[in-house]
There are 2 protein chains.
Amino acid sequence: MAEIKSLLQANNLKNTGQRRKILKTLYNEDKPLSAKELFFKLKKDNPKLKLSTIYRNLNKFTEKDIVKKLNIKNEKHENLFEVKTDRHHHHLICVECGDIKELGCPLDDYLKKVAKENNYKIKDHRLTIYGICNKCK
Amino acid sequence: MAEIKSLLQANNLKNTGQRRKILKTLYNEDKPLSAKELFFKLKKDNPKLKLSTIYRNLNKFTEKDIVKKLNIKNEKHENLFEVKTDRHHHHLICVECGDIKELGCPLDDYLKKVAKENNYKIKDHRLTIYGICNKCK
DNA sequence: CTGCCTGCAAATAGTTTGCAAGTTA
DNA sequence: TAACTTGCAAACTATTTGCAGGCAG
């Protein structure tokens with residue numbers, strides 16, 4: 001909790017109840033969430049909460065690099081977000097049940113090769129693997 | 001042209017003018033296009049063309065595996081589509097000018113490892129690399 | 001007190017859909 | 001002719017925005 005407060009302070013963001021709850025929820029989840037999923041979770045405690053508040057904060061957090069907006073959508077076409085961790089990783093997603101696992105990144109050498117061969121300065125990359133998990137097989 | 005006709009026939013799709021033009025345009029482009037980009041290109045020859053027709057056909061083609069819907073959007077948040085080629089590949093995108101290059105896939109061994117370690121049956125994967133191209137550097 | 005946040009309502013924009021007329025096989 | 005396609009208009013839905021009151025610093 002204290003960590004969240006200082007995280008907000010460090011980024012010049014006011015320490016509001018909504019923000020604390022959004023970050024807390026994202027930290028406690030083991031999988032990325034969409035704005036709406038967050039919304040329904042938090043609405044229980046605060047019926048006045050608006051979806052636009054969630055979006056505004058997720059965007060602000062993304063801007064400040066506290067949260068990462070994935071290029072992965074759930075089955076409702078909603079974008080997913082996760083807290084940004086220190087370790088760079090990718091995702092393995094079960095197309096049946098939607099379960100998401102984290103994967104390490106195997107691409108360090110490959111990215112250097114791509115940069116060299118194409119004369120690009122690499123800025124970012126995304127890898128997502130889809131399959132069927134053990135339970136759903 | 002004849003190829004497009006038989007491609008449509010082989011998939012039980014009627015050989016209409018719109019379909020031929022959509023596929024022809026996608027084949028001739030060297031980069032993926034959005035529905036709207038296609039729409040504006042084709043609207044010149046046919047002012048009555050509707051965007052919904054493009055969407056309907058792109059979805060139908062995707063369903064039939066003639067076209068691939070990428071999980072990449074252009075700067076207007078429009079989904080991009082490309083014709084499905086025999087060779088599996090990924091994309092290297094310049095974040096400045098939007099240029100898209102094809103990349104081979106370096107992940108064969110890695111995917112086997114992921115499947116084994118996580119007990120998943122791998123179905124699909126997406127890799128996209130973002131950077132700045134030579135011209136934009 | 002002053003600027004940032006949030007609730008609220010309405011707009012924006014990509015994509016989809018129902019229906020009737022037109023086309024393909 | 002029967003089934004599929006398209007034009008057209010309208011709906012749907014994720015996300016964003018303007019505004020006014022509320023709260024953090």
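Bear in mind that the values here come from a model prediction, so they are computed numbers and not experimental data. Numbered from 1 within each chain, the chains take letters A, B, ... in sequence-line order.
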Heavy-atom side-chain proximity of [X] to [Y] below 4.5 angstrom:
X: Lys21(A); Y: Lys24(A); value: no
X: Leu70(A); Y: Phe81(A); value: no
X: Gln9(A); Y: Asn15(A); value: no
X: Lys31(B); Y: His91(B); value: no
X: Thr62(B); Y: Lys68(B); value: no
X: Glu37(B); Y: Asn74(B); value: yes

By the definition side-chain contact (heavy atoms from CB on, under 4.5 Å), identify the one residue from Leu58(B), Val83(B), Leu33(B) that meets it with Ile22(B).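 Going through the options one by one, the only one that passes is Leu58(B).
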Side-chain atoms of residues 124-131 of chain A: list all donor-acceptor pairs with protein atoms under 3.5 Å, sequence neighbours left out, distances to 0.1 Å.
unit_1: His125(A); atom_1: NE2; unit_2: His88(A); atom_2: NE2; d: 3.0
unit_1: His125(A); atom_1: NE2; unit_2: His90(A); atom_2: NE2; d: 3.3
unit_1: Arg126(A); atom_1: NH1; unit_2: Lys69(A); atom_2: O; d: 3.1

Before giving the answer on side-chain hydrogen bond (donor to acceptor under 3.5 Å, both in side chains), spell out for Gln18(A) and Asn57(A) the whole-Å C-alpha distance, their side-chain angles and the decisive distance to 0.1 Å. CA-CA 9 Å; Gln18(A) 306 300 358; Asn57(A) 281 313; over 6 Å; no
For DNA chain C, what is the dot-bracket line, given that a base pair needs Watson-Crick (N1 to N3, plus N6-O4 or O6-N4) or G-U wobble (N1-O2 and O6-N3) geometry with both distances under 3.5 Å, and | means paired with another strand? |||||||||||||||||||||||||
Residues 112-123 of chain B side chain polar contacts: donor-acceptor under 3.5 Å, at least two apart:
unit_1: Asn118(B); atom_1: ND2; unit_2: Val114(B); atom_2: O; d: 2.9
unit_1: Asn119(B); atom_1: OD1; unit_2: Lys137(A); atom_2: NZ; d: 2.9
unit_1: Asn119(B); atom_1: ND2; unit_2: Asn134(A); atom_2: OD1; d: 3.1

Kindly list each side-chain donor-acceptor pair under 3.5 angstrom involving residues 96-111 of chain A, sequence neighbours excluded, with atom names and distances?
unit_1: Glu102(A); atom_1: OE1; unit_2: Arg87(A); atom_2: NH2; d: 3.2
unit_1: Tyr110(A); atom_1: OH; unit_2: Gly104(B); atom_2: O; d: 3.2

Using a 4.0 Å heavy-atom cut-off to protein, can you give one letter per nucleotide of nucleotides 20-25 of chain C, 5' to 3': B if the base is in contact, S if only the sugar-phosphate is, - if neither? ----BS
Pairs in or reaching into residues 71-85 of chain A: which pass salt bridge (charged side-chain N to carboxylate O under 4.0 Å, His left out), with residues at least two apart or in two chains? Asp65(A)-Lys84(A)
Can you list, in residue-number order, the parts of residues 51-60 of chain B that come under 4.0 Å of DNA chain C, counting heavy atoms only? Leu51(B), Ser52(B), Tyr55(B), Arg56(B), Asn59(B)
Below 4.0 Å from chain A heavy atoms, what is the first contacting nucleotide of DNA chain D and what is the last? dA14(D) to dG25(D)
Going by the rule salt bridge (Lys or Arg N to Asp or Glu O under 4.0 Å), which residues pair with Asp45(A) if we only count those two or more places apart in sequence or in a different chain?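 Applying salt bridge (Lys or Arg N to Asp or Glu O under 4.0 Å) to Asp45(A) gives none.
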Please enumerate all residues that pass side chain to side chain contact (heavy atoms under 4.5 Å, CB included) together with Ser52(A), with sequence neighbours excluded. Lys50(A), Arg56(A)
Does Leu13(A) offer a backbone N or O that forms a donor-acceptor pair with the side chain of Asn11(A) under 3.5 Å? no
Separation of dA13(C) P from Phe39(B) CZ (nearest whole Å):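 So the CZ-P distance, Phe39(B) to dA13(C), works out to 16 Å.
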Is there a path of hydrophobic side-chain contacts, each under 4.5 Å between heavy atoms, that joins Leu80(B) and Phe61(B)?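 The answer is no; the residues belong to distinct hydrophobic clusters.
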For residues Leu38(A) and Ile72(A): do they belong to one hydrophobic cluster (side chain heavy atoms under 4.5 Å, members Ile, Leu, Val, Met, Phe, Trp, Tyr)? no
Enumerate the residues from residues 41-50 of chain B whose closest heavy atom to DNA chain D is under 4.0 Å, giving them by residue number; use none for an empty result. Asn46(B), Lys48(B), Leu49(B), Lys50(B)
Can you pull out the residues from residues 67-81 of chain A that lie within a 4.0 Å heavy-atom distance of DNA chain D? Lys76(A), His77(A), Glu78(A), Asn79(A)
